[in-house]
There are 2 protein chains.
Amino acid sequence: MDAEPRAEGHERVAIRVHHWLRTELMRSRFRPGEKLKLRTLAEELGVSLTPVREALARLVSENALEQIDHRSARVPVLSDERLREVCELRIDLEGKAAERAAERASSADADRLAAIHARMTEARLEGRMQDMMIENERFHMATCALADMPVLLRIVEGLWLQCGPLNFALKQMRFLHKPEEHPHNAVIRAMRERDPTLARLAMQRDIAVYSDALLRRLPEINVTARA
Amino acid sequence: MDAEPRAEGHERVAIRVHHWLRTELMRSRFRPGEKLKLRTLAEELGVSLTPVREALARLVSENALEQIDHRSARVPVLSDERLREVCELRIDLEGKAAERAAERASSADADRLAAIHARMTEARLEGRMQDMMIENERFHMATCALADMPVLLRIVEGLWLQCGPLNFALKQMRFLHKPEEHPHNAVIRAMRERDPTLARLAMQRDIAVYSDALLRRLPEINVTARA
DNA sequence: GCGCGGAATATGTGATAACAAAATTCGGAC
DNA sequence: GTCCGAATTTTGTTATCACATATTCCGCGC
């Protein structure tokens with residue numbers, strides 16, 4: 001099977017599993033509280049236990065999974081306090097990232113952000129909520145990446161991952177903003193105008209609105225998680 | 001329901017290795033750029049490759065190690081920019097933690113911090129720099145723990161771990177403060193007086209002084225790392 | 001002496017097996 | 001019918017093995 005003998009194709013299996021699990025968590029395939037079983041995952045992916053184990057260990061270290069009873073790993077059930085904390089940290093850290101990004105972004109960078117946001121809006125209008133969420137994530141990660149702070153970027157990715165399993169709650173969520181008032185637009189404008197403070201405030205408002213909506217839904221999420 | 005079913009005796013080997021490596025990294029046993037070899041570590045600890053592999057994978061996920069050429073793991077060589085970033089994030093995040101801690105700390109908590117700082121001062125006066133560093137770490141972690149923000153605590157632990165390999169540079173470092181002016185004292189006072197702003201500023205000053213000292217030393221550190 | 005190439009060694013990866021602990025199922029006593 | 005305990009099954013952990021690739025080392029030719 002050397003379709004790609006040396007190219008991108010032959011990543012390590014453990015890395016592939018890790019990426020796959022990350023994505024599935026982001027797509028809310030697993031519910032909060034669900035236990036992830038080694039042999040089940042290994043069979044589904046057609047690999048042995050070893051790389052699956054490594055991937056799970058990494059996700060535990062990233063706080064994307066929770067080690068329960070010193071043995072199995074499960075998707076964390078976020079308490080109200082914990083979700084509040086994650087959101088608060090996102091507000092601080094993504095706010096800082098947006099601020100820094102606005103100091104450094106070129107107009108081409110701003111265009112890229114605008115393109116992502118356009119795809120996100122399109123998906124939202126067509127009711128493809130899954131795609132909308134993916135583009136939303138892209139928007140935030142792209143903004144963070146513009147700050148050119150790799151350590152911060154990894155931390156923010158970790159925070160997103162912790163909220164990932166909750167995203168399915170947003171699938172039925174009403175529109176949070178009128179399209180023309182969406183905070184992302186202000187973020188993009190701030191990039192073009194090199195206005196760090198505006199960028200920070202707009203990003204923080206975006207996250208705050210998202211957080212409030214999620215926190216209101218948390219009780220019903222954790223009820224369904226119990227089942 | 002035993003008193004302590006699996007308390008001390010048989011922790012998982014992989015966890016033990018992970019803790020051990022964390023500690024060794026903090027104690028600067030490994031130099032920046034050093035490659036960590038599976039079989040060497042396994043032999044030293046008297047275990048097989050599997051748990052060592054898992055521990056290394058976790059440390060890579062925690063940014064405490066760096067995956068090089070998609071195969072081996074090595075202790076990261078921090079660039080000037082990267083060290084600056086880590087320190088900047090520490091100033092933000094530990095500042096916030098100290099602020100929050102000051103809102104919630106009891107006077108018993110303040111006593112505990114004072115005790116840690118006293119041990120640190122004692123170690124410093126006696127020239128036991130290694131012990132001093134350990135107590136310094138304890139002081140910062142204990143303060144963060146008082147903030148009652150577990151997610152933040154894990155992030156800060158990760159940032160410390162990234163600086164860990166550099167700590168050996170501080171062994172010969174001159175005193176950064178006169179004992180009575182040490183910022184830790186101001187932090188403790190802020191806890192007693194419930195003064196969040198003072199707590200944040202004092203903690204930030206402490207980290208800033210440390211950071212500047214470390215940044216000045218970075219060139220020579222990275223030279224020795226090359227060897 | 002220098003560079004090159006191949007062999008020997010070192011090193012990491014993934015699969016499998018043996019084992020231990022936990023969860024589940026089943027059967028019998030009441 | 002219910003509850004308790006033993007047997008069975010499930011599940012996670014570690015060690016070992018086979019293999020692929022990277023690195024080192026040595027000898028040969030120039």
Side-chain angles (χ1 to χ4, degrees), chain A residues 1-21 24 30-31 33-62 64-77 226-227, chain B residues 1-22 24 30-31 33-62 64-76 226-227:
Chain A
M1 54 184 70
D2 1 15
E4 288 174 307
R6 212 143 241 292
E8 306 299 323
H10 77 307
E11 243 174 349
R12 287 199 313 138
V13 179
I15 303 287
R16 215 172 57 223
V17 176
H18 180 245
H19 279 30
W20 181 82
L21 276 168
E24 294 299 311
F30 307 106
R31 293 293 177 82
E34 185 172 348
K35 252 202 313 198
L36 268 52
K37 292 178 189 174
L38 240 38
R39 283 171 174 86
T40 311
L41 295 170
E43 194 184 3
E44 172 164 356
L45 294 171
V47 300
S48 81
L49 302 186
T50 316
V52 179
R53 239 177 86 69
E54 180 179 325
L56 289 184
R58 296 180 77 134
L59 288 166
V60 169
S61 270
E62 293 165 19
L65 295 177
E66 199 176 35
Q67 194 100 29
I68 201 63
D69 70 35
H70 293 283
R71 296 198 155 264
S72 357
R74 71 170 193 187
V75 181
V77 181
R226 227 173 292 271
Chain B
M1 216 60 83
D2 321 281
E4 285 178 313
R6 54 189 136 278
E8 288 298 324
H10 53 309
E11 230 176 358
R12 284 181 35 198
V13 180
I15 304 286
R16 212 173 57 222
V17 176
H18 181 245
H19 279 29
W20 181 82
L21 275 169
R22 261 183 96 100
E24 293 300 310
F30 307 105
R31 293 294 177 82
E34 184 171 349
K35 254 201 314 196
L36 267 53
K37 291 175 191 174
L38 241 37
R39 283 171 173 84
T40 310
L41 295 170
E43 194 184 3
E44 172 163 358
L45 294 171
V47 300
S48 82
L49 302 185
T50 315
V52 179
R53 243 172 81 70
E54 178 179 327
L56 289 184
R58 295 181 75 138
L59 289 166
V60 168
S61 270
E62 294 164 20
L65 295 176
E66 199 176 37
Q67 193 98 29
I68 202 63
D69 69 36
H70 293 283
R71 296 200 155 265
S72 356
R74 71 170 193 186
V75 181
R226 226 174 293 271

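Protein chains get the first letters and strands the later ones, always in sequence-line order, with residue 1 at the start of each. Bear in mind that the values here come from a model prediction, so they are computed numbers and not experimental data.
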*Give a yes or no on whether a donor-acceptor pair under 3.5 Å exists between the nucleobase atoms of D:dG12, that is its base, and the side chain of B:R12.*
no
*Within-4.5 Å side-chain heavy-atom neighbours: B:R16 and B:V47*: yes
*Once you round it to whole Å, what is the distance between C1' of D:dT21 and CD of A:E11?*
17 Å
*Between D:dT11, D:dT13, D:dA22, which nucleotide gets closest to the side-chain atoms of B:R71?*
D:dA22
_With a cut-off of less than 4.0 Å, is there a side-chain N or O of A:R53 near OP1 or OP2 of D:dT13?_
yes
*Residue whose nearest DNA chain D nucleotide is more 5′ - A:T40 or B:A14*: A:T40
*asked:* Rounded to whole Å, please give me the gap between CD in A:E54 and C1' in C:dA15.
replied: 14 Å
_So, taking the atom named CZ in A:R74 and the one named CG in A:L36, what distance separates them when rounded to the nearest 0.5 Å?_
11.5 Å
*Report the nucleotide, chosen from C:dG14, C:dT11, D:dG12, that has the shortest atom-to-atom distance to any side-chain atom of A:T50.*
C:dG14
_For a quick check of understanding: with a heavy-atom distance under 4.0 Å over all strands, which category does A:L41 fall into, base, sugar-phosphate or nothing?_
nothing
*Let me know the distance between CD of B:E34 and P of C:dT11, rounded to the nearest Å.*
13 Å
*asked:* Distance check needed: D:dT23 P versus B:R39 CZ, whole Å only.
replied: 15 Å
*asked:* So which atom in A:H70 and which in B:R12 form the shortest heavy-atom distance, rounded to 0.1 Å?
replied: O-CD, 3.4 Å
*For residues A:T50 and A:V13, determine if any side-chain heavy atom of one lies less than 4.5 Å from a side-chain heavy atom of the other.*
no
*Note, B:V75 side chain near B:R31 side chain (heavy atom, < 4.5 Å)*: no
*Between C:dG14 atom P and A:I15 atom CD1, what is the distance in whole Å?*
8 Å
*Starting at CG of A:D69 and ending at C1' of D:dT11, how long is that distance when rounded to a whole Å?*
11 Å
_Shortest side-chain distance from A:L49, nucleotide among C:dT16, C:dA22, C:dG14_ = C:dT16
*Roughly, in whole Å, what's the span from NZ in B:K37 to C1' in C:dG12?*
12 Å
*Has A:S48 got a side-chain N or O lying under 4.0 Å from the OP1 or OP2 atom of C:dA15?*
yes
_What is the separation between atom NE2 on B:H70 and atom P on D:dA22, rounded to the nearest whole Å?_
11 Å
*asked:* Heavy atoms only, 4.0 Å cut-off, all strands: where does A:I68 land among base, sugar-phosphate and nothing?
replied: nothing
_Closest approach to the side chain of A:V13, judged atom by atom: which nucleotide of D:dG12, C:dG14, D:dT13 is it?_
C:dG14
